[in-house]
Visitor: 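Structure below; questions to follow.
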2 protein chains.
Amino acid sequence: MNLKQLSQLLGLSQTTVSRALNGYPEVNAETRERVLDAVRRTGYRPNRAAQRLATGRAGSIGLVMPTAHGYPSDVHFGEFLAGLGDEAVRHDFHFVINPSHPDDEEATCKRLVASGNIDALFIAYMREKDPRVALLKSLSVPFIVHGRSIGIPTDYPYLDIDNTAAFHDATKLLIQLGHRRIALLNGPAHFAFAIRRKRGMAAALAESGLTLDETCVQHSPMTDEHGFSGMKRFLDLPEWPTAILCSSTVLALGAVRALNQAGLKIGSDVSLIAHDDVLPMLKPENFSVPLTTTRSSLRSAGSRIAKRLISRILKLEILPEQELWRAELIVRASTGPAPHRAGRANERSAG
Amino acid sequence: MNLKQLSQLLGLSQTTVSRALNGYPEVNAETRERVLDAVRRTGYRPNRAAQRLATGRAGSIGLVMPTAHGYPSDVHFGEFLAGLGDEAVRHDFHFVINPSHPDDEEATCKRLVASGNIDALFIAYMREKDPRVALLKSLSVPFIVHGRSIGIPTDYPYLDIDNTAAFHDATKLLIQLGHRRIALLNGPAHFAFAIRRKRGMAAALAESGLTLDETCVQHSPMTDEHGFSGMKRFLDLPEWPTAILCSSTVLALGAVRALNQAGLKIGSDVSLIAHDDVLPMLKPENFSVPLTTTRSSLRSAGSRIAKRLISRILKLEILPEQELWRAELIVRASTGPAPHRAGRANERSAG
DNA sequence: CATTCTTCTCAAAGCGCTTTGGAAGGAAGA
DNA sequence: TCTTCCTTCCAAAGCGCTTTGAGAAGAATG
């Protein structure tokens with residue numbers, strides 16, 4: 001069923017039917033009702049490709065998904081996508097997902113825009129001096145960045161959480177509890193969020209005259225496995241940390257396991273704070289020792305980005321171009337006063 | 001840059017350029033090279049909407065993503081999508097993802113097909129007597145089902161793992177180890193895979209004259225939290241199970257925690273087998289007690305489905321229409337002989 | 001030399017939609 | 001009655017591509 005057939009069925013012209021469908025005023029209310037009724041009966045749906053060709057719009061948001069054989073998928077991607085979907089479904093928007101080799105994202109962005117079948121683009125996994133920002137600006141396509149780059153002017157539309165502040169606050173809490181030697185299980189070093197988190201932590205330490213020991217920092221994909229091995233490495237240091245910051249609850253999972261295995265009690269022997277993206281699969285409050293976290297829902301971020309993008313495309317309302325969300329610091333049982341014989345590993349590693 | 005401009009630039013007709021680009025034989029090798037070169041220089045990309053309108057094809061696979069506010073996102077979805085992407089990226093295919101309320105998937109399928117901007121459709125999360133199969137057959141759009149429905153003829157293209165056999169085998173192993181009372185932490189009861197897994201388990205028990213106790217079965221979303229609460233419930237039973245089957249390593253995560261909390265040793269006090277979708281985030285071999293699993297890579301499944309779909313669309317090669325993959329049973333440390341004083345909880349719950 | 005093939009290229013139609021620029025018909029004002 | 005103005009509808013152009021049916025030029029054949 002296409003427009004032509006539908007209009008013949010109704011004995012109207014294509015113009016009138018199209019107008020009735022798209023809410024133009026110059027069509028009789030009764031006629032419109034008749035058209036709408038026919039649509040319901042026949043199940044007619046406008047062809048999106050034709051619609052796009054004619055208008056340049058068709059209700060789609062583009063995103064590139066980094067993927068390659070052997071390259072681990074990211075739990076956070078799915079959760080974020082769900083957030084985007086929550087909002088998109090309301091406006092009958094869909095996503096055009098272009099898979100891309102992680103090293104080829106820039107070119108894929110370009111192709112995706114040039115293909116002409118997206119109304120707006122969303123990009124994430126920002127890196128330092130990310131070239132995609134300048135690219136998209138030059139392409140003059142509406143876009144929003146999830147996160148922020150580093151080392152380039154921040155005059156682009158973004159939604160980010162204040163990673164620096166989050167990890168600053170978390171570190172400060174640990175310092176107040178008496179911890180002096182704090183480790184960091186971070187995401188991959190090339191991501192801007194990881195850089196900011198580390199900076200936030202370093203800043204808080206510096207304020208108390210402490211420095212961040214690089215041997216107490218690990219950059220890795222945020223999996224259980226890396227959390228485990230990273231934590232183990234920390235525990236093998238001559239002087240092990242009494243507190244750990246984790247960039248994800250998934251990392252914390254492995255870290256907790258390593259801690260348990262070493263016979264250390266979380267919240268007393270060792271304190272731990274994780275960043276919580278609010279993954280439904282893994283809740284910090286349900287850890288055997290509930291985790292103190294810096295919380296910010298990834299899903300809400302997705303939802304908000306979709307909302308901003310759609311508002312922009314449909315010209316619904318003017319929403320702020322730049323948003324920096326504050327993560328909530330939620331204290332649970334995994335943080336406690338630094339142990340008195342803090343940081344001297346000998347007694348443990350000997351045992 | 002569009003075809004017209006490109007052809008003017010080259011001093012050729014649009015037809016010739018189009019033919020050169022699409023590999024038609026009737027164009028001079030030299031001319032073709034000249035065209036290809038111009039494409040590289042200008043970065044020309046055909047407009048997908050126009051291409052689709054003209055040909056009916058544009059290299060896109062449709063999928064509907066169940067999502068709603070408050071409805072948890074599924075870790076497995078992301079991993080599967082990554083698999084699809086691995087293959088799709090090679091043929092310059094993309095995905096059109098239509099978010100949908102979980103109860104509205106059927107209508108969304110219909111809309112997605114009617115919208116005319118997909119070449120093929122992929123559906124998953126199959127339920128009993130799933131109406132989408134008949135729908136897609138009637139719509140005469142190429143499609144593949146991930147999983148299989150139950151209670152309708154299986155004359156449609158699918159890729160599934162043999163869930164029945166997997167859980168049958170796992171159960172049999174436990175029985176051979178002397179376990180008599182076995183519990184199941186399963187996925188949601190309306191999903192076909194969950195039904196089959198339960199059946200496989202029940203069948204194996206029946207073969208040894210045992211029956212599956214419904215109080216030892218939990219159907220729930222596959223999150224850590226549900227694994228934990230489910231396991232706890234099992235341990236509160238007057239006679240608790242000595243072995244547990246989990247439909248996901250994520251469920252196992254919670255189950256293990258509950259077991260640890262109860263002071264039970266996995267592999268001796270209690271045995272545990274989980275189904276492993278090979279999530280990079282969570283490896284069964286890295287659990288504190290490495291998990292015995294039935295393994296089948298979700299990502300490979302995604303990749304294979306993309307391959308079949310694309311082969312079909314591009315008419316590359318004839319691939320089998322129906323595939324049933326066998327999951328591998330991998331024995332690790334989480335399974336061991338049933339304890340002698342099997343299943344009597346009193347001694348524990350008193351402690 | 002005329003004729004038939006090849007080989008290469010082109011003009012134009014058509015995919016299904018939106019949108020511009022009227023036109024027809026009736027109501028209202030002169 | 002004639003003009004003007006709405007209201008309601010329509011014909012046709014155009015979005016950027018592919019593809020059909022043909023034409024021009026050159027090579028091969030009679």
Visitor: Taking any atom under 4.0 angstrom from a heavy atom of chain B, which nucleotides of DNA chain D are the first and last to qualify, 5' to 3'?
Guide: D:dG16 to D:dG21

Visitor: Cut-off 3.5 Å, side chains only: do B:R48 and B:S60 have a donor facing an acceptor?
Guide: no

Visitor: Where the side chain of A:N22 meets the backbone of A:Y24, is there a donor-acceptor pair that is under 3.5 Å apart?
Guide: no

Visitor: Can any side-chain N or O of B:Q5 pair as donor or acceptor with the backbone N or O of B:N2 at less than 3.5 Å?
Guide: yes

Visitor: Given atom CG of B:L10 and atom C1' of C:dT9, what is their separation to the nearest angstrom?
Guide: 14 Å

Visitor: Mark yes or no for whether A:R32, through its side chain, and A:A20, through its backbone, hold a donor-acceptor pair below 3.5 Å.
Guide: yes

Visitor: Rounded to the Å, how far apart are B:E30 CD and C:dT7 C1'?
Guide: 14 Å

Visitor: Using atom CZ of A:R19 as one end and atom P of C:dG21 as the other, report the distance to the nearest whole Å.
Guide: 11 Å

Visitor: For a quick test of reading the model: is some side-chain N or O of B:S13 closer than 4.0 Å to OP1 or OP2 of C:dC10?
Guide: yes

Visitor: Select from A:A54 and B:V27 the residue whose nearest nucleotide in DNA chain C is closer to the 5' end of that strand.
Guide: B:V27

Visitor: For a quick check of understanding: with a heavy-atom distance under 4.0 Å over all strands, which category does B:T55 fall into, base, sugar-phosphate or nothing?
Guide: sugar-phosphate

Visitor: Roughly, in whole Å, what's the span from OH in B:Y24 to C1' in C:dC10?
Guide: 16 Å

Visitor: Within this structure, what is the CZ-to-P distance between B:R34 and C:dC8, rounded to whole angstrom?
Guide: 14 Å

Visitor: Could you tell me if A:S100 and A:E105 have a donor-acceptor pair between their side chains, going purely by distance under 3.5 Å?
Guide: no

Visitor: Would you mind reporting whether B:E106 and B:K110 have side-chain heavy atoms less than 4.5 Å apart?
Guide: no

Visitor: Taking any heavy-atom pair under 4.0 Å as a contact, classify B:E26: base, sugar-phosphate, or nothing.
Guide: base

Visitor: Quick one: the side chain of A:S18 and the base of C:dT19, do they pair up donor-acceptor inside 3.5 Å?
Guide: no

Visitor: Decide, yes or no, whether a salt bridge links B:R312 with B:D119 under the criterion of side-chain N to carboxylate O below 4.0 Å.
Guide: no

Visitor: Write down the distance between CG (A:N22) and P (C:dT19), rounded to a whole number of angstrom.
Guide: 7 Å

